[in-house]
Amino acid sequence: MKFSHLALLAVLAMSVSPAAVLGQDQDVNELIQETEMSVTHTENLEMAKAFFTGLEQRDLSIVEPLLAPHVLEVIPLSNTGAPEPWRTFDGKQAVLDYLGEIIKNFSRTVLVDKQFTVSHDGSVVFLEAKGDLTHAATGKSYNNVYVFKFTFAGGQIVHISEYGNPVPYAKLAGAPLG
């Protein structure tokens, strides 16, 4: 049972009219809907934060339960400038394999200056951050800017869009540009 539902029951138990407590413009169903939205906001925000905790702690066992079996991760910005995504990872195992490659190839995987934004209905969480990574093979610093978009359904992440400037990565990896 959610806290707000308990508060609503307490109001009802005190024989106080919900309209008197909520005001004339809001009914009990609206209060319950808003409460569920705020719980959804909080739960999905915490899942997005946990995703990055798992990456930063290099522990994919934190990330794995957050991902729906059919999760899709897309990196839309290509090093060639083409409108097609640079990379797409379809399914939980493909996403975990990709994240495992990040952990393997970078000895440091930290995002700084994190700014989270949650959509009105709570089903989408955005993160804007700066990457502070270290390439494991060369020891070179890899700094990029990112925007992540997480879409949630059924209490799990179902879609991830990872927007990063492709130029710094292409330079680090020796990939062609344009």
Side-chain angles (χ1 to χ4, degrees), residues 37 40-178:
M37 277 193 348
T40 300
H41 280 81
T42 302
E43 289 172 350
N44 291 347
L45 176 59
E46 290 306 313
M47 278 194 281
K49 288 179 178 180
F51 179 92
F52 292 105
T53 297
L55 267 181
E56 291 177 359
Q57 293 180 2
R58 310 171 66 71
D59 184 355
L60 294 181
S61 70
I62 295 171
V63 176
E64 189 274 332
L66 306 173
L67 302 175
H70 57 279
V71 64
L72 179 68
E73 181 163 356
V74 178
I75 302 175
L77 302 178
S78 170
N79 63 317
T80 66
E84 296 80 30
W86 189 345
R87 297 184 74 185
T88 300
F89 307 95
D90 193 358
K92 182 185 276 193
Q93 193 56 55
V95 172
L96 289 170
D97 289 347
Y98 165 61
L99 298 175
E101 286 296 311
I102 292 171
I103 290 170
K104 182 177 107 181
N105 290 319
F106 293 91
S107 58
R108 176 178 165 86
T109 53
V110 175
L111 296 177
V112 297
D113 299 332
K114 294 176 189 151
Q115 295 179 11
F116 287 92
T117 304
V118 183
S119 68
H120 177 73
D121 69 356
S123 67
V124 176
V125 175
F126 292 91
L127 168 67
E128 181 180 351
K130 295 176 184 168
D132 184 10
L133 289 76
T134 303
H135 189 246
T138 63
K140 288 184 181 178
S141 182
Y142 172 64
N143 304 108
N144 205 335
V145 294
Y146 294 97
V147 174
F148 288 86
K149 176 186 175 191
F150 291 90
T151 304
F152 296 86
Q156 290 184 302
I157 300 168
V158 296
H159 192 273
I160 305 166
S161 294
E162 178 183 333
Y163 295 88
N165 184 343
V167 174
Y169 181 78
K171 286 182 176 181
L172 178 73
L177 288 169

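As a basis for the values below, the full set of heavy atoms in this structure was taken, side chains included, without hydrogen atoms, waters or symmetry mates. Numbers here are sequence positions counted from 1.
- Looking at residues two or more places apart in sequence or on another chain, you find no side-chain hydrogen bond (donor to acceptor under 3.5 Å, both in side chains) involving S107.
- Residues forming a side-chain contact (heavy atoms from CB on, under 4.5 Å) with S141 (at least two apart in sequence, or on another chain): N143.
- Every residue two or more places apart in sequence or in another chain was checked for a salt bridge (charged side-chain N to carboxylate O under 4.0 Å, His left out) with R87, and none qualifies.
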Check residues 127-138 and write down every donor-acceptor pair under 3.5 Å in which the side-chain atom is one partner and the other belongs to a residue at least two apart or another chain.
from, atom 1, to, atom 2, distance (Å)
D132, OD2, R108, NE, 3.4
D132, OD2, R108, NH2, 2.8
H135, ND1, T138, N, 3.4
H135, ND1, T138, OG1, 3.0
T138, OG1, K140, N, 3.1

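- Sequence neighbours left out, the pairs with a member in residues 57-75 that pass salt bridge (charged side-chain N to carboxylate O under 4.0 Å, His left out) are E64-K92.
- For residues 94-104, the set of pairs meeting the salt bridge (charged side-chain N to carboxylate O under 4.0 Å, His left out) definition, not counting sequence neighbours, comprises E101-K104.
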Donor-acceptor contacts under 3.5 Å from residues 109-116 side chains, at least two apart:
from, atom 1, to, atom 2, distance (Å)
T109, OG1, L55, O, 2.7
K114, NZ, E56, OE1, 3.3
K114, NZ, E56, OE2, 2.9

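- Judged as a side-chain hydrogen bond (donor to acceptor under 3.5 Å, both in side chains), and not counting sequence neighbours, D90 has no contacts.
- With sequence neighbours excluded, no residue forms a side-chain hydrogen bond (donor to acceptor under 3.5 Å, both in side chains) with E46.
- Residues meeting the side-chain hydrogen bond (donor to acceptor under 3.5 Å, both in side chains) test with H70, sequence neighbours left out: none.
- A side chain to side chain donor-acceptor pair (under 3.5 Å) check over residues 163-176, counting only residues at least two apart or in different chains, returns nothing.
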Could you pull out all donor-acceptor pairs under 3.5 Å where a side-chain atom in residues 148-161 meets a protein atom, sequence neighbours excluded?
from, atom 1, to, atom 2, distance (Å)
Q156, NE2, P65, O, 3.1
Q156, NE2, L67, O, 3.2

